[in-house]
Amino acid sequence: MEKREQLYEGKAKKVFATDHEDYCIVDYKDDATAFNGQKKGTITGKGIVNNRMSNFMFKLLEKHGIPTHLVEELNDRETVVKKVSIVPLEVIVRNKAAGSLAKRLGLEEGTELKSTVLEFCYKDDDLGDPMVNEYHILAAGFATKEEVDEIAAMALKVNEILCDFFKQIDVELIDFKLEFGRFHGKILLADEISPDTCRFWDIHTHEKLDKDRFRRDMGGVEEAYAEMMKRIGL
Ligand code: C5P
């Protein structure tokens, strides 16, 4: 496949056109941002971890019937993906209270939730990705009712598959963010599944093995990403 012009550069990835109209190439960078771009830094080797871990997760999910944008990993940092049109929603699934939910509801981080929480945020950097509910989504036309139902069902199924997987490597999946895309009339799981987009805690010690180490200046960021790769066997 021939790599052509750059289509987009985001905070953590670049996207390139290819000679195939339905495919593009994602190039994962080491750049790290937090708090809507207010905190900036580099996590050495992060692009490699996020590329390889996302592809591993997408393959696992495909095996369980979740359609994803993955086509083919090209090398450590680059992957061919289907050229979807992104649904402008960040879909967050939470198994335990942490981060913004813990703050908003005044819960201690790590508090058990009586049931799984599903949240939607409207993807807009200028607005700071505001949380929206289904009424907002339908009223603003971000997605149709059928799409919201399908996305919600897929997100909850992804949660079950990932929780089972991570438990086997002594990792608790506290919460994570997904993005979906439209491709020839079908909804596909897109974007990435990585320590940038998930909260991973060691099941026994509750040590954080994800981007919170960068967000909160905890140190040991690269080591945490490497530990996750080691446990997955990558
Ligand atoms: O910050 P908050 O608690 O809302 O984050 C919930 C989950 O969504 C975390 O796993 C975080 O890594 C992920 N997230 C993300 N990108 C964002 C916001 C949150 O990957 N823009």
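Just so it is clear, the values below take in all heavy atoms, side chains as well, and ignore hydrogens, waters and symmetry mates. When a ligand or atom number is given, it counts from 1 through the structure's own listing order.
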Are the charged groups of R213 and E223 less than 4.0 angstrom apart, N to O? no
If you take the nearest heavy atom of each of M131, K177, E90, which one is closest to atom 14 (N) of ligand 1? K177
Please determine whether any non-hydrogen atom of R104 lies less than 4.0 Å from an atom of ligand 1. no
Closest to atom 7 (C) of ligand 1 among protein heavy atoms sits D175 OD1, 3.5 Å
So the atoms of ligand 1 within less than 4.0 Å of a heavy atom of D196 turn out to be 12 (O), 20 (O)
Would you call D30-R77 a salt bridge at under 4.0 Å N-O? yes
Hey, which atoms in ligand 1 end up nearer than 4.0 Å to a heavy atom of C198? 10 (O), 12 (O)
Heavy-atom contacts with G99 under 4.0 Å: which atoms of ligand 1 show up? List them by number with element. 3 (O)
Around atom OH of Y135, are there more than 12 heavy atoms from other residues, nucleotides or ligands closer than 6.0 Å? no
Would you mind checking if D31 and K14 are paired as a salt bridge, meaning a charged N to carboxylate O distance below 4.0 Å? no
Is ligand 1 under 4.0 Å from a heavy atom in the side chain of R94, in the backbone, in both, or in neither? side chain
May I have all residue pairs that pass ring-ring contact (aromatic ring centres under 6.0 Å, His included) and include part of residues 36-91, sequence neighbours excluded? F56-F165, F58-H69
Please tell me if the side chains of E207 and E227 come closer than 4.5 Å, counting only heavy atoms from C-beta onward. no
Can you list every ring-ring contact (aromatic ring centres under 6.0 Å, His included) pair that touches residues 96-131, not counting sequence neighbours? Y122-F142
Residues D196 and K46 bridged, charged N to O under 4.0 Å: yes
Could you say whether the N/O atoms of E119 and ligand 1 ever approach to under 3.5 Å? no
Looking only at non-hydrogen atoms, the one of K11, R215, R199 nearest atom 1 (O) of ligand 1 is R199
Of the protein's non-hydrogen atoms, which lies at the shortest distance from atom 4 (O) of ligand 1, and what is that distance? S100 OG, 2.5 Å
Which residue and heavy atom of the protein sit nearest atom 19 (C) of ligand 1, plus the separation: I92 CD1, 4.3 Å
